[in-house]
Amino acid sequence: ACGASITLLHLVERGAPGQVHGERHLTGAGEANVYLSDAARRLAAEGRNVDTHTHEVPVGNVAESIASHAEEHGTDLIVMSTHGAGGMRDVIWGSIAQQVLQRTTLPILLTRAGRDSSQAFAPRTIMVPLDATAAAEGAIGPAEGLARCLGARIRLVIVVATPETVPGQWRPTATMLPTGTRELLDVQVKQANVYLERLVKQIQSTGVEATMEVRRGDAVTELATDTGEHGDGLVVVATHGRAGLQAIWSPSVAARLLTRTRAPVLLVRIVDAD
């Protein structure tokens, strides 16, 4: 839809297991080339501009190699499939996708493994979760670009906590001052509406359709539920790219949202200023 070309990449992994998630793992360059060629033919038959690349020298760090190849090929977007949870190894080291995100500033589009490959990727609504910070607004630009290509609309969402779902560091205050906490959160709801109304007008001025919603509760729970309720075909979220235990102990909504939604998620890397 955006006129992009596609490069299909396979890395021969050093010491790779025979199976990954119950499926046979390609361990040699020969069978990898056959596999990629077959996939490329199917895409070319659909009118796609596609090429392939097999990195035949076995690599030990898959994430680092993916990031390196993306830079080498002048890639604008990395697309990966994820199972969402991979046991204790992923808890400690983070999923491969999250590790790639740490090693590149390129956006990464994640789609859930098991998605029906015959189902076209044609989201009519693109959700952008925000938290009223400039960093989170970094997701709006990429969302606008995709919305224009795909003829989709953008839906901006902010989740304001309730007294029962405030973040851990604020719970003692919420317990001691319940009335004050409730009033403060109500003010945040009003501020969020004003903030989103301004952004919606800005987006609409560019010719892209946009709507907004303020929800109450736990951010990840509400965003995951909201995605299903509104049939969002894509979520675009800005993230610092934290992985593993760092993501668990940080307020990274993106890392937790990945395990809770079935919609494809586009992660836009926030690069902190030095």
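The first residue of the sequence shown is numbered 1, and numbering continues consecutively from there. Just so we're clear, the structure is a prediction, and the values are computed from it rather than from any experiment.
Separation of atoms CD1 (Ile78) and NE2 (His73) is listed at 11.5 Å; rounding is to 0.5 Å. Between Leu36 atom CG and Arg41 atom CZ the span is 11.0 Å, to the nearest 0.5 Å. The structure places CG of Leu110 at 11.5 Å from OG1 of Thr261, a figure rounded to the nearest 0.5 Å. For the atom pair CZ of Arg198 and CE of Met212, the computed distance is 12.0 Å after rounding to the nearest 0.5 Å. Ile66 contributes atom CD1, which lies 12.0 Å from atom CG of Leu101 (distance to the nearest 0.5 angstrom). Taken from CG in Leu267 to CG in Leu106, the straight-line distance is 12.5 Å, to the nearest 0.5 Å.
Using a 4.5 Å cut-off on side-chain heavy atoms (C-beta onward), Arg260 and Leu223 make no contact. At least one side-chain heavy atom of Leu109 sits under 4.5 Å from a side-chain heavy atom of Leu234. Residues Thr221 and Thr165 form no side-chain contact, since every pair of their non-hydrogen atoms from C-beta on lies 4.5 Å or further apart. Inter-residue side-chain proximity for Val237 and Val265 is flagged as met; some heavy-atom pair is nearer than 4.5 Å.
A donor-acceptor pair under 3.5 Å links the side-chain atoms of Arg124 to the main chain of Gly151, judged by distance alone. Although no hydrogens or angles enter the test, the distance criterion places a donor-acceptor pair under 3.5 Å between the side chain of Arg216 and the main chain of Val160.
Counted by atom type alone, Thr104 and Arg269 present zero donor-acceptor pairs between their side chains at under 3.5 Å.
Considering Ile203, Val236, Val128, Ile126 in turn, Ile203 is the only one that fulfils the side-chain contact (heavy atoms from CB on, under 4.5 Å) rule with Glu144.
Crowding of Tyr35 atom OH: a count of heavy atoms from other residues, nucleotides or ligands under 6.0 Å not exceeding 12. Within 6.0 Å of the CG atom in Asp186, the count of heavy atoms belonging to other residues, nucleotides or ligands exceeds 12.
Under the ring-ring contact (aromatic ring centres under 6.0 Å, His included) criterion, His69 pairs with His53, His55, sequence neighbours left out.
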